[in-house]
Amino acid sequence: MADPTLQTFCCHHTNRTDMAIAIMQEFNTDAYNTVCMLSSTMGMIGAIYQILPREASSNSYRRRSFSRGRDIIVWLAVADLLASLGVFVRSALWRNFKSIIPIEGDMPNVVFCAVLSAWIQYFYMATWIWTLCYAVDMKLLLGDKNGRPACYHVLAWVLPAILTAFGLIILYIPNANCHSLTSLSSALLRILPNYFATYVLLAVVMIANPILYVASTRDLETAVLHSMAQMTGRERRLIQTVRLKFALINVVYYVCWTPNLINGILLWTLWFQLPIKAIITLWYIMAVTNPLQAFFNAIVYQSWTRREKLRLECCQDYKSSTASLHLHMIARTDSDVHVSESSPLLNPQTGYRQKVPHVSINGSSSL
């Protein structure tokens, strides 16, 4: 899982009566790490499926919209893949070689734990921002505005680095003894900034995404009415499908990350009367839901109105050669056809083409 609580376990534990030790005494480390390994494996499978190339539409407008939406989805999957990989590696090594809590003087384990914790936190923060960028891009697309891919990349890769470095440097520097604090003020100065850097970003995305998706749905209704000048059953089904897709994207995000917020609230409000069983239950829930974000995303971000086809390069070469042969045969046949009244119906260059307006939803839903 990705949570500041586990990052505090990377500190030296010189006080055997510390609350963290009391919690870990009731914590089945092998079982927990096994759960993390299974859920992170499922997450990596979902992320890899999202990254695999898809066949774009033959329509040029839809192809551009498809490419625009796919870029964000792919980068979201890349961040999810690397985060799940970090969870898997940490859990596998903890389960087989290392203790989850470094003992006094065990600096290699502290460094190992801190580096992997920073890796996981960084890439999961990147997934939160890519999730927000997708919602922003939907709003821009339905408002007939260009996307901001350069801004998306800067925001998604630089901001998590700043927040991760800020929180973990304060937590670990200078001696990684964050559990030997003697006063409440020192605990607030050393430990709280990391929680703040993590949970504020998480909460901002939770608040902003539903607002953006509600506004995007209204823009879609306006776009459909302006392009079709009517609201038939087909248009209503389109809007309901997109609204459902937006809702499920939000549901996935909330299911995967709400337990983390609850865990943070319980830790900082009930520390001296901490319900240990409740905290351990939340940790197991987070061990399942956090890495499974990529698996759920592979379901909700895919196209809902047309079947997605994976584009494999070996098959593409075969299809290209077959299509070229087919077009060559058609050209030879057309050269022998006598032009008549029915020729415009057969000839795409002279035939009448009806221009049907449509709305493309990042390649996922189209009218």
Side-chain angles (χ1 to χ4, degrees), residues 1-40 43 83-84 86-88 90-91 94-95 98-103 109-110 113-114 116-118 120-121 124-125 128 167-168 170-172 176-181 184 186-203 206 253-293:
M1 72 178 187
D3 192 82
T5 307
L6 274 184
Q7 292 160 9
T8 62
F9 292 157
C10 298
C11 296
H12 293 296
H13 287 263
T14 58
N15 182 7
R16 296 287 98 184
T17 62
D18 184 38
M19 180 64 74
I21 299 296
I23 294 175
M24 293 304 298
Q25 287 175 348
E26 300 196 20
F27 190 77
N28 189 333
T29 304
D30 286 343
Y32 171 79
N33 287 323
T34 300
V35 171
C36 286
M37 291 169 64
L38 292 175
S39 59
S40 60
S84 296
V87 173
F88 182 87
R90 181 180 66 182
S91 300
W94 266 346
R95 190 179 189 279
K98 294 287 187 178
S99 170
I100 194 170
I101 300 181
I103 61 176
N109 199 13
V110 171
C113 179
L116 270 182
S117 295
I120 294 168
Q121 179 171 327
Y124 271 126
M125 280 186 172
W128 304 341
L168 296 185
I170 294 177
L171 181 65
Y172 296 132
N177 284 328
C178 60
H179 288 283
S180 59
L181 306 177
L184 178 60
S186 59
L188 292 176
L189 292 176
R190 285 288 298 277
I191 299 176
L192 185 59
N194 190 37
Y195 279 85
F196 185 81
T198 303
Y199 288 141
V200 166
L201 177 60
L202 180 61
M206 281 187 171
Y253 188 81
Y254 273 79
V255 167
C256 290
W257 299 108
T258 299
N260 296 61
L261 285 179
I262 296 174
N263 176 72
I265 294 172
L266 289 178
L267 287 176
W268 283 97
T269 57
L270 301 173
W271 178 250
F272 296 105
Q273 300 87 28
L274 197 62
I276 296 178
K277 295 292 185 182
I279 294 298
I280 293 175
T281 301
L282 278 174
W283 282 352
Y284 273 94
I285 293 174
M286 290 187 287
V288 174
T289 58
N290 291 179
L292 282 181
Q293 175 183 243

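Any value given below was found using the heavy atoms of this structure, including those in side chains, with hydrogens, waters and symmetry copies removed. We number each residue from 1, following the sequence as shown.
- Taking CD1 from Ile279 and OH from Tyr284, the interatomic distance works out to 14.0 Å, rounded to the nearest 0.5 Å.
- Nearest heavy atoms, Met286 versus Pro291: O-CD, 3.7 Å.
- More than 12 non-hydrogen atoms from other residues, nucleotides or ligands lie less than 6.0 angstrom from OH of Tyr254.
- The distance from atom CG of Asn290 to atom OG of Ser40, rounded to the nearest 0.5 Å, is 11.0 Å.
- In terms of the ring-ring contact (aromatic ring centres under 6.0 Å, His included) criterion, residue partners of Tyr199 (sequence neighbours excluded) are, by chain and number, Tyr195.
- Taking both residues in full, the closest heavy atoms of Val35 and Ala287 are given as CG1-CB, 3.9 Å, listed atom of the first, atom of the second, then distance.
- Between the CD1 atom of Ile262 and the CD1 atom of Ile285 there is a distance of 8.0 Å, given to the nearest 0.5 Å.
- Looking at residues two or more places apart in sequence or on another chain, you find a side-chain hydrogen bond (donor to acceptor under 3.5 Å, both in side chains) between Thr34 and Arg95.
- For the side-chain hydrogen bond (donor to acceptor under 3.5 Å, both in side chains) test, residues two or more places apart in sequence or in another chain that qualify with Trp257 are Gln293.
- Evaluation of the side-chain hydrogen bond (donor to acceptor under 3.5 Å, both in side chains) rule for Thr198 yields Gln121 as partners, not counting sequence neighbours.
- Atom OG1 in Thr258 sits 12.5 Å away from atom CG in Asn263 (nearest 0.5 Å).
- You'll find the side chain of Cys113 reaches within 4.5 Å of the side chain of Trp94, heavy atoms only.
- Taking the side chain as every heavy atom from C-beta outward, Tyr124 and Val87 approach each other to under 4.5 Å.
- The CG atom of Leu201 lies 6.0 Å from the CE atom of Met125; values are rounded to the nearest 0.5 Å.
- Considering only residues two or more places apart in sequence or on other chains, Ala114 meets the side chain to side chain contact (heavy atoms under 4.5 Å, CB included) condition with Tyr172.
- Between the CH2 atom in Trp128 and the CE atom in Met206 there is a gap of 8.5 Å [rounded to 0.5 Å].
- In this structure, Trp268 and Leu192 have side chains that are in contact, with non-hydrogen atoms separated by less than 4.5 Å.
- Closest heavy-atom contact between Gly86 and Leu116: O-CD2, 4.3 Å.
- Remark: Leu292 engages Ser39, Met42, Val288, Phe295, Phe296 in a side chain to side chain contact (heavy atoms under 4.5 Å, CB included) (not counting sequence neighbours).
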